**Student:** 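Sharing a structure here in structure tokens format.
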Amino acid sequence: MASLDNYGASLASTPGGAGWLHVQHVPVRRFVAEIVCKLLALNAWAPFASASGPLALAPYEGLVGLRSSSSREYLAYTVTWSGIAYLLGAPAPYNPTRSAQLRNRARTGTANTEPSPLPSNLGRQDVLALSWTSRHAATLMPVLTELARDGQKSLLLDLATDPAERCSAGSVTGIELRSAPSELFTLSGTAEGLSLPDDEHVVRVKGHGVQLARLVRLLSVLLETSGGCTQPSWRTTVRAESWLDDLLATARPHTVLLSNDTSPLGVLAAHAAERHGANSVHVQHGAWTAESVAWPALHSRDIAVMGERDLALGQAWVRHPNAEVHVLGQPRFDILAGLGRQAQRRYLEKLLARGDRRAPARIAVWACQPFSLNHLKSHADLLLDGLGTADGDWGLVIAPHPAQGADAFASLVKRDGGPLVAVADPRVGARGCLAGADALASAYSTCGIEAALLGVPVLEIGPPGERTLDLAGHGLATRCHDGGGVAEALSALREPRTPIPQSALDAVCRWRGDSAARIARLITDRAASAPRAGDSTHQDAGAAASPEDEGASVR
């Protein structure tokens with residue numbers, strides 16, 4: 001990624017000066033990771049290791065394709081083996097850059113049109129917030145509600161392209177909800193500046209020479225096909241910047257509020273806020289881990305993180321020269337104490353009770369994520385093996401990720417023998433049933449943190465080396481590498497548990513039920529000490545007094 005940045009970061013920029021690699025860093029890095037994984041697999045393949053040589057392309061095979069994913073919307077781009085051969089220098093006169101699947105998908109797009117004009121009654125707003133997933137909405141709405149109580153007017157932009165991810169402002173006075181123009185995320189077409197002739201620039205990867213000009217050419221496929229709000233095309237990016245510029249110039253907010261400023265739309269919004277003199281505030285919506293320190297980049301001025309362990313990571317990832325990191329917890333966790341455990345237990349039992357058979361005595365909830373189908377199957381096998389041999393009568397309720405299609409689990413529900421299995425309604429999700437569980441299992445879901453805060457035993461599942469939230473490292477979970485580990489962890493729940501120290505919980509998430517109020521106070525205090533956006537040509541955020549008793553802040 002560093003070589004790519006040095007070689008091609010300046011090849012294309014939006015009219016506002018946001019470089020293509022700056023904005024598209026996350027999808028680009030995912031694609032580059034796919035390339036590296038295939039090169040490592042090639043080195044590990046015995047026939048190649050014993051007689052390595054030039055790779056041949058499969059005739060007419062596309063160089064970039066899509067791999068399977070259980071996500072409803074996310075496009076999991078991958079490089080084909082012909083694409084690998086091309087990157088290593090093989091001639092490809094008859095190979096299209098896109099697979100047939102991608103080419104057919106592009107034909108369904110609509111014509112490029114200008115975004116709809118802004119409503120004439122928009123008016124001035126104090127805060128402009130952006131959401132494009134249900135997790136963003138659940139994180140930001142409590143903060144906007146607190147701001148409304150303080151008389152602050154907010155405009156919430158719902159940029160979701162998946163109907164299930166859309167948000168609602170409810171009946172809160174002072175929060176106005178607007179959607180993006182319907183045509184904004186359907187734009188595709190050539191990304192100017194990324195079609196380069198071959199040259200001598202090569203990056204070495206485990207003995208292989210990857211040609212950077214060809215890498216950029218393949219990456220242009222990602223920017224030329226629209227992946228909705230999560231992976232917008234380059235043309236969408238340019239139009240979205242223009243639309244945001246118009247909104248900021250009209251509403252003149254003092255703050256742009258985000259819960260993701262790493263993905264393309266968040267990077268774009270933070271960049272636009274800086275140009276318009278508005279302060280940018282990022283509220284961490286999902287857990288971070290140390291091993292991912294190489295890729296995130298936080299672009300906002302103020303970053304509100306969940307726990308003490310996020311301080312160092314936030315500092316390592318910030319890009320704003322005056323950035324400050326504040327430990328303020330998670331706004332969507334404020335309501336956890338009010339979850340109805342008995343009602344959630346009844347829901348779980350109803351799901352698992354079939355015909356005249358009663359529900360199992362003990363119930364585990366699996367908080368899933370939109371992995372590939374094979375990845376999900378490996379986790380399911382691990383869990384069901386453990387549940388089947390654990391002491392006691394166990395059943396499993398699968399809670400799909402909000403971005404995940406529930407049909408990915410149809411085969412698990414229909415399987416014969418073993419523990420009873422049911423799938424929770426996606427609208428209920430893990431949040432709607434974990435408080436009633438005897439245990440929660442997950443590899444990387446933030447629901448593991450919620451369960452730990454509520455005292456529900458947590459199992460972090462997956463083979464050795466698989467990334468988890470490392471709740472086990474803080475004494476908040478049990479790490480289970482296989483079915484035997486799951487069975488042992490579940491059987492151990494018959495014994496009394498040692499209470500978890502508050503310091504261990506605070507390391508992962510500061511939970512006092514007032515995170516939304518504290519973040520709202522940070523926003524208003526910062527706004528009171530800085531010029532209002534639009535009040536002068538050049539703005540300087542300056543240094544604001546930190547809210548009292550806000551937790552740790554690091555600049």
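For this chain, numbers begin at 1 and follow the sequence in order. None of the values given here were measured: they were computed from a predicted structure.
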**Student:** Assess whether side chain to side chain donor-acceptor pair (under 3.5 Å) is satisfied between Arg332 and Thr139, documenting all intermediate values.
**Tutor:** CA-CA 5 Å; Arg332 72 173 185 272; Thr139 300; 2.7 Å; yes
**Student:** Roughly how far, to the nearest 0.5 Å, is CD1 of Ile35 from CG of Leu215?
**Tutor:** 5.0 Å
**Student:** Given side chain to side chain contact (heavy atoms under 4.5 Å, CB included), test Leu88 with Val210 step by step and report yes or no.
**Tutor:** CA-CA 5 Å; Leu88 299 182; Val210 175; 4.2 Å; yes
**Student:** Salt bridge check: are Arg235 and Glu224 linked by an N-O gap of less than 4.0 Å?
**Tutor:** no
**Student:** Quick one, Phe409 with Trp366, criterion side chain to side chain contact (heavy atoms under 4.5 Å, CB included). Give me CA distance, side-chain angles, the key distance, then yes/no.
**Tutor:** CA-CA 12 Å; Phe409 307 100; Trp366 176 20; 4.3 Å; yes
**Student:** Above 12 or not: heavy atoms from other molecules or residues under 6.0 Å from CD of Glu488?
**Tutor:** no
**Student:** Determine, stepwise, if the pair Glu450 / Phe333 fulfils side chain to side chain contact (heavy atoms under 4.5 Å, CB included).
**Tutor:** CA-CA 7 Å; Glu450 297 180 59; Phe333 293 175; 3.1 Å; yes
**Student:** More than 12 foreign heavy atoms under 6.0 Å from CZ of Phe48: is that the case here?
**Tutor:** yes
**Student:** Do Val28 and Trp20 pass the side chain to side chain contact (heavy atoms under 4.5 Å, CB included) test, and can you show the C-alpha distance, the side-chain angles, and the key distance before you say yes or no?
**Tutor:** CA-CA 10 Å; Val28 165; Trp20 73 278; 4.1 Å; yes
**Student:** Distance from Gln369 atom CD to Ser442 atom OG, nearest 0.5 Å?
**Tutor:** 5.0 Å
**Student:** Quick check on Lys377: does its NZ atom have over 12 non-hydrogen neighbours (other residues, nucleotides or ligands) under 6.0 Å away?
**Tutor:** no
**Student:** If the plane angle is over 60° it's perpendicular, under 30° parallel, otherwise tilted; pick one for His285 and His136.
**Tutor:** perpendicular
**Student:** Looking at Arg309, Glu308, Gln330, which hits side-chain contact (heavy atoms from CB on, under 4.5 Å) with Val508?
**Tutor:** Arg309
**Student:** Is the closest basic N to carboxylate O distance between Asp198 and Arg217 below 4.0 Å?
**Tutor:** yes
**Student:** What distance separates Ile303 CD1 from Asp261 CG, expressed to the nearest 0.5 Å?
**Tutor:** 7.0 Å
**Student:** So, using side-chain contact (heavy atoms from CB on, under 4.5 Å) as the criterion, who are the partners of Pro93 when residues are at least two apart?
**Tutor:** Pro91
**Student:** Let me know which of His320, His25, His22 forms a ring pair (Phe, Tyr, Trp, His ring centres under 6.0 Å) with His299.
**Tutor:** His22
